[in-house]
Amino acid sequence: MARNGTGRARRDGGGPVLHLPQLMAGGAGHLLDEAGLPPSEVRWWLENARHRRFRAGEAFCEIGQRTYDFAILRSGIVQVYGLTGGGDRVVLDFVFPGGAVMALDAAIRGIASEVVIEMVTGAELWIWPYELRLASFGRHPGWQRLEVLYLEQAFVRKHRRYKSLRTETSRERFARLHSELPPEWVQIPQGLVASYLDITPQYLSRLRAERRKQAG
């Protein structure tokens, strides 16, 4: 990886460059700013980033994996899913550009991953080794604040999803997709969306048809 003092990082061979303003404008920027990290610390973090392109269907993390790289999604869509006892896929979450990508539960507990993190579309990620967090804690207290903020954000998102599945109707959950997710979500295959909503693909088709009729 080539590095420099301008707050950017790239892989040797001319991969995309990650700039400080670009990072701060994305989803991670809000957390970095709230943690009170000075630009010099953020630049140090950027200098340790590596860029990688993934194909649709390629995994960032597999079930049983014990390495916990942390990434920010530059482009594309990522899904997080688990498997039932019968081997059926259950989609737990989607990640869109600017979002963080990692097997958080496994990393915190130091256990093998219980989920698969896989590309829905072709995607590009900036990646950091999870062990970098240990080095960061000794550099500036803002890094520990950042971890707390990230954990709080993840907990709120997880709780919101659990509450939605327990208290909302299928129609309400479908309507929530349109109000909360970015426009790119329409690129997600119907089977994955149905799994995320905990409904059948056939019922999802019905809901979509109803929405088109109301919009028309």
Side-chain angles (χ1 to χ4, degrees), residues 27 52-73 75-125 127 129-130 150-212:
R52 182 180 167 189
R53 291 184 174 89
F54 289 79
R55 302 181 304 275
E58 190 174 356
F60 175 76
C61 178
E62 300 273 12
I63 289 176
Q65 185 172 315
R66 288 182 176 271
T67 54
Y68 317 115
D69 286 348
F70 171 82
I72 292 177
L73 185 62
S75 64
I77 302 173
V78 173
Q79 64 168 316
V80 182
Y81 69 86
L83 297 175
T84 67
D88 295 325
R89 179 181 303 195
V90 179
V91 178
L92 304 171
D93 204 359
F94 295 108
V95 184
F96 297 91
V101 181
M102 76 173 297
L104 181 61
D105 288 350
I108 291 173
R109 293 187 287 163
I111 63 173
S113 174
E114 298 173 339
V115 299
V116 177
I117 302 176
E118 183 180 285
M119 309 302 126
V120 176
T121 65
E124 296 181 63
L125 282 78
I127 304 171
Y130 186 64
Y150 178 60
L151 291 174
E152 288 176 347
Q153 186 183 75
F155 174 79
V156 169
R157 183 174 176 82
K158 193 171 185 177
H159 177 72
R160 186 184 297 131
R161 167 134 173 86
Y162 173 79
K163 184 178 178 182
S164 173
L165 289 171
R166 299 289 292 180
T167 65
E168 294 181 340
T169 66
S170 301
R171 278 188 173 83
E172 289 171 336
R173 293 198 298 274
F174 179 67
R176 184 183 290 276
L177 285 180
H178 286 272
S179 64
E180 291 189 351
L181 297 187
E184 294 95 327
W185 84 266
V186 298
Q187 303 174 36
I188 301 172
Q190 182 159 297
L192 299 184
V193 176
S195 175
Y196 180 73
L197 292 173
D198 195 27
I199 59 177
T200 66
Q202 293 77 15
Y203 188 55
L204 175 59
S205 294
R206 221 171 96 191
L207 292 175
R208 278 180 158 163
E210 289 176 2
R211 186 174 183 86
R212 285 195 298 269

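Note: hydrogens, waters and symmetry copies are ignored here, and every other heavy atom, side chains too, is used.
- Between Phe94 and Tyr196, the ring-plane angle classifies as tilted under the 30° and 60° cut-offs.
- Ion pair Arg52/Glu124 not flagged as a salt bridge, since none of the NZ, NE, NH1 or NH2 atoms sits closer than 4.0 Å to an Asp/Glu carboxylate oxygen.
- Residues Glu118 and Phe54 fail the side-chain proximity criterion, which asks for heavy atoms closer than 4.5 Å.
- In this structure, Tyr150 and Met102 have side chains that are in contact, with non-hydrogen atoms separated by less than 4.5 Å.
- Judged by distance alone, with hydrogens and angles left aside, the side-chain atoms of Glu210 form no donor-acceptor pair with the main-chain N or O of Leu207 at under 3.5 Å.
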List the steps, then state whether salt bridge (charged side-chain N to carboxylate O under 4.0 Å, His left out) holds for Asp93 with Arg157.
CA-CA 10 Å; Asp93 204 359; Arg157 183 174 176 82; 2.6 Å; yes
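- Proximity of a side-chain donor or acceptor of Thr121 to a complementary backbone N or O of Gly76 within less than 3.5 Å is not detected.
- With contacts defined as side-chain heavy-atom distances shorter than 4.5 Å, the pair Leu192/Arg89 qualifies.
- Between Tyr68 and Gly110, the closest heavy-atom pair is OH-C, 3.4 Å.
- Residues Ile108 and Leu151 have side chains in contact (heavy-atom distance under 4.5 Å, counting atoms from C-beta outward).
- Using a 3.5 Å distance cut-off with no hydrogens or angles, the side chains of Ser205 and Gln190 do pair a donor with an acceptor.
- In this structure, CD1 in Ile111 is found 7.5 Å from CG in Asp105, a value given to the nearest 0.5 Å.
- The closest side-chain heavy-atom distance from Trp185 to Ile77 is not below 4.5 Å.
- Between Ser195 and Val91, the closest heavy-atom pair is OG-N, 2.9 Å.
- Taking the side chain as every heavy atom from C-beta outward, Thr67 and Tyr130 never approach each other to under 4.5 Å.
- Here the closest non-hydrogen pair linking Pro97 and Ser75 is CG-CA, 4.0 Å.
- Among Val116, Val115, Ile117, the one residue that satisfies the side chain to side chain contact (heavy atoms under 4.5 Å, CB included) test with Ile63 is Val116.
- Judged as a side-chain contact (heavy atoms from CB on, under 4.5 Å), and not counting sequence neighbours, the contacts of Val90 are Thr84, Leu92.
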Using the rule given for salt bridge (charged side-chain N to carboxylate O under 4.0 Å, His left out), can you reason through Glu114 versus Arg109, listing the C-alpha separation, both sets of side-chain angles and the distance that settles it, and then say yes or no?
CA-CA 11 Å; Glu114 298 173 339; Arg109 293 187 287 163; 3.5 Å; yes
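- Distance alone, capped at 3.5 Å, is enough to place a donor-acceptor pair between the Gln65 side chain and the Glu62 backbone.
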Given side chain to side chain donor-acceptor pair (under 3.5 Å), test Arg171 with Tyr203 step by step and report yes or no.
CA-CA 10 Å; Arg171 278 188 173 83; Tyr203 188 55; 3.2 Å; yes
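- The two residues Phe70 and Ala100 come nearest to each other via the heavy atoms CE1-CB, 3.7 Å.
- Here Asp198 does not pair with Arg161 in a salt bridge; the nearest charged N to carboxylate O distance is not below 4.0 Å.
- Taking OG of Ser164 as the start and NE2 of His159 as the end, the distance is 11.0 Å to the nearest 0.5 Å.
- Counting only heavy atoms from C-beta outward, the side chains of Leu204 and Phe174 approach each other to under 4.5 Å.
- Atom CG of Leu197 and atom CG of Leu177 lie 4.5 Å apart (nearest 0.5 Å).
- With hydrogens and angles ignored, the 3.5 Å screen pairs no side-chain donor or acceptor of Arg53 with any backbone N or O of Ala123.
- Across every non-hydrogen atom of Ile127 and Ala71, the tightest pair is CG1-CB, 3.9 Å.
- Listed here is the closest heavy atom pair of Val120 and Ala56: O-CB, 3.7 Å.
- For the pair Met119/Leu125, a side-chain contact is recorded, criterion being any heavy-atom separation below 4.5 Å from C-beta on.
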